[in-house]
Peer 1: 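Structure incoming, see below.
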Amino acid sequence: MARVYNFSAGPSMLPLEALKKAQAELLDYEGSGQSVMEMSHRSKVFDGIIKDAEKLMREIMNIPDNYKVLFLQGGASSQFAAIPMNFMNKNNKADYIETGVWAKKAFQEAKRYGNARVIASSADKTYSYIPKVTKEDIDPEADYVYYCMNNTIYGTKYPYIPETGDVPLIADISSCFLSEPLDVTKFAVVYGGAQKNIAPAGLTVVIVREDMLGNAMDITPTMFNYKIHADNDSLYNTPPCFTIYMCKLVLEWIKDMGGLEAIKENNIKKAKLLYDFFEESKMFKSVIPAEDRSLMNIPFVTGNEELDAKFVKEATAAGFINLKGHRTTGGMRASVYNAMPIEGVEKLVEFMKKFEAENA
Ligand SMILES: *Cc1c(COP(=O)(O)O)cnc(C)c1O
């Protein structure tokens with residue numbers, strides 16, 4: 001079996017151990033005589049799976065008891081509307097930090113439901129850096145401050161958690177979920193799509209402080225109302241059962257790896273291999289300021305579009321797939337989520353060195 005190294009920004013690689021476990025259990029989950037794909041979401045067996053997934057998520061992320069962990073559908077993009085509907089509920093105002101297309105889409109959606117405002121943006125330089133935000137930029141009457149922690153397309157990450165005082169802080173953590181320890185208590189809500197670092201596509205995880213719930217706008221569709229899902233333990237309707245099961249397997253893998261401290265150490269090693277190479281290379285370089293660099297999504301360029309295309313083509317043929325950068329940024333991007341093994345990055349760097357020597 002030849003597996004490629006998949007550098008896609010999402011859906012992305014899953015840990016081989018989790019895939020193998022799923023394969024072994026595919027036809028008969030723990031003696032139930034059925035696949036998780038087939039079983040009732042109201043069955044005892046599935047109840048064990050979703051409870052285990054939640055328990056592991058709480059343990060690994062150190063999530064306090066006054067937070068709910070919701071397993072939803074609709075992707076991160078549905079939350080762009082659900083967030084204002086559920087939380088823009090006191091003064092009908094919210095402050096947004098615009099660090100890329102995902103943050104901008106969230107802002108545009110919020111504007112449809114209330115008074116949303118951009119308080120900082122890096123749009124002037126194609127979102128290639130993280131704009132500074134201080135407490136003074138924030139409206140103390142805002143119902144919340146919203147930002148995207150890791151900007152998947154541009155390869156930037158907030159090097160600090162913005163200080164918002166008493167204003168609740170909400171973060172899209174889609175592409176850095178479970179990539180390193182996170183102090184959940186600093187946030188009112190964090191959420192993300194699973195397909196980057198948690199599971200296959202189809203699951204969206206929302207972690208929300210309980211006091212935030214219960215004041216959704218009247219117009220909020222039932223399926224967008226977080227309180228409904230919280231009160232029903234994510235079983236108001238049929239949840240993405242198999243994806244939740246995969247999430248459980250990935251969390252077990254993270255635990256076996258030594259938890260988020262160990263995962264972070266591994267992620268730093270992988271990112272360093274690439275960033276160090278860009279320092280020494282005369283052909284490949286990073287365009288992101290050192291302090292704003294993501295550990296998960298690492299864009300790079302040669303400065304020559306034809307050379308970029310040649311590189312992507314030859315890399316693909318060599319088994320390093322999905323390295324083409326986003327259509328809005330050009331160049332290349334290596335997404336190195338948790339499941340990308342260190343050998344994958346080592347081999348990619350070797351390949352880049354060879355390519356540079358051949359094309360100098
Ligand atoms: C991928 C991504 C999204 C969009 O996720 P969907 O699940 O496809 O809606 C939103 N925000 C960030 C940061 C992402 O990486």
Side-chain angles (χ1 to χ4, degrees), residues 6-14 70-85 96-110 116 118 121-123 126-131 145-159 161-162 169-180 182 187 189-207 221 223-224 226 229 234 239-240 242-244 246-247 250 267 288 292-299 322 324-329 333-340:
N6 179 6
F7 292 90
S8 169
S12 47
M13 291 182 84
L14 287 163
L70 308 178
F71 295 110
L72 310 178
Q73 303 192 50
S77 301
S78 293
Q79 317 318 312
F80 297 167
I83 285 166
M85 285 178 175
Y96 277 70
I97 302 171
E98 188 198 4
T99 50
V101 162
W102 296 123
K104 188 176 176 180
K105 283 186 172 167
F107 163 69
Q108 284 170 332
E109 199 73 24
V118 171
S121 170
S122 52
T126 333
Y127 304 117
S128 59
Y129 71 103
I130 292 290
V145 172
Y146 178 102
Y147 81 117
C148 179
M149 193 177 289
N150 185 79
N151 298 282
T152 323
I153 296 173
Y154 316 92
T156 62
K157 181 176 185 256
Y158 254 92
I161 296 174
L169 181 60
I170 298 181
D172 176 353
I173 60 167
S174 291
S175 51
C176 56
F177 226 125
L178 296 168
S179 65
E180 58 183 303
L182 181 69
F187 299 87
V189 183
V190 292
Y191 77 95
Q195 69 274 23
K196 315 284 162 69
N197 229 355
I198 309 181
L203 169 68
T204 310
V205 180
V206 177
I207 301 171
M223 280 297 291
F224 274 34
Y226 293 133
H229 292 291
S234 303
F242 193 77
T243 315
I244 292 169
M246 286 305 302
C247 166
V250 170
N267 286 334
I288 306 299
D292 297 340
R293 287 175 183 171
S294 167
L295 288 180
M296 296 284 99
N297 312 98
I298 305 186
N322 291 319
K324 191 172 190 294
H326 192 264
R327 63 190 186 292
T328 57
T329 58
R333 172 181 50 175
S335 293
V336 287
Y337 296 115
N338 290 349
M340 170 60 68

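Order of listing sets the numbers, starting from 1, for every ligand and every atom in it. Just so you know, these numbers come straight off a predicted model, no measurement behind them.
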Peer 1: Among side-chain atoms of T99 and N151, is any donor-acceptor pair under 3.5 angstrom?
Peer 2: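 A donor-acceptor contact under 3.5 Å links the two side chains.
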
Peer 1: Heavy-atom distance under 4.5 Å between the side chains of I173 and N150, does that happen here?
Peer 2: no

Peer 1: For residues E98 and Y127, determine if any side-chain heavy atom of one lies less than 4.5 Å from a side-chain heavy atom of the other.
Peer 2: yes

Peer 1: What closest approach, in Å, do K196 and S12 show between heavy atoms, and which atom pair accounts for it?
Peer 2: O-OG, 2.8 Å

Peer 1: Give a table of atom pairs where an N or O of ligand 1 lies under 3.5 Å from a protein N or O.
Peer 2:
residue	atom	partner	partner atom	Å
ligand 1	7 (O)	A76	N	3.0
ligand 1	7 (O)	Q195	NE2	2.9
ligand 1	8 (O)	Q195	NE2	3.4
ligand 1	9 (O)	A76	N	3.2
ligand 1	9 (O)	S77	N	2.8
ligand 1	9 (O)	S77	OG	2.6
ligand 1	11 (N)	D172	OD2	2.6
ligand 1	15 (O)	T152	OG1	2.4
ligand 1	15 (O)	K196	NZ	2.5

Peer 1: Heavy atoms, side chains only, cut-off 4.5 Å: are I207 and F177 in contact?
Peer 2: yes

Peer 1: Heavy atoms only: give me the nearest Q79-P84 pair and the separation to one decimal.
Peer 2: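 What the structure gives for the nearest pair is O-CD, 4.3 Å.
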
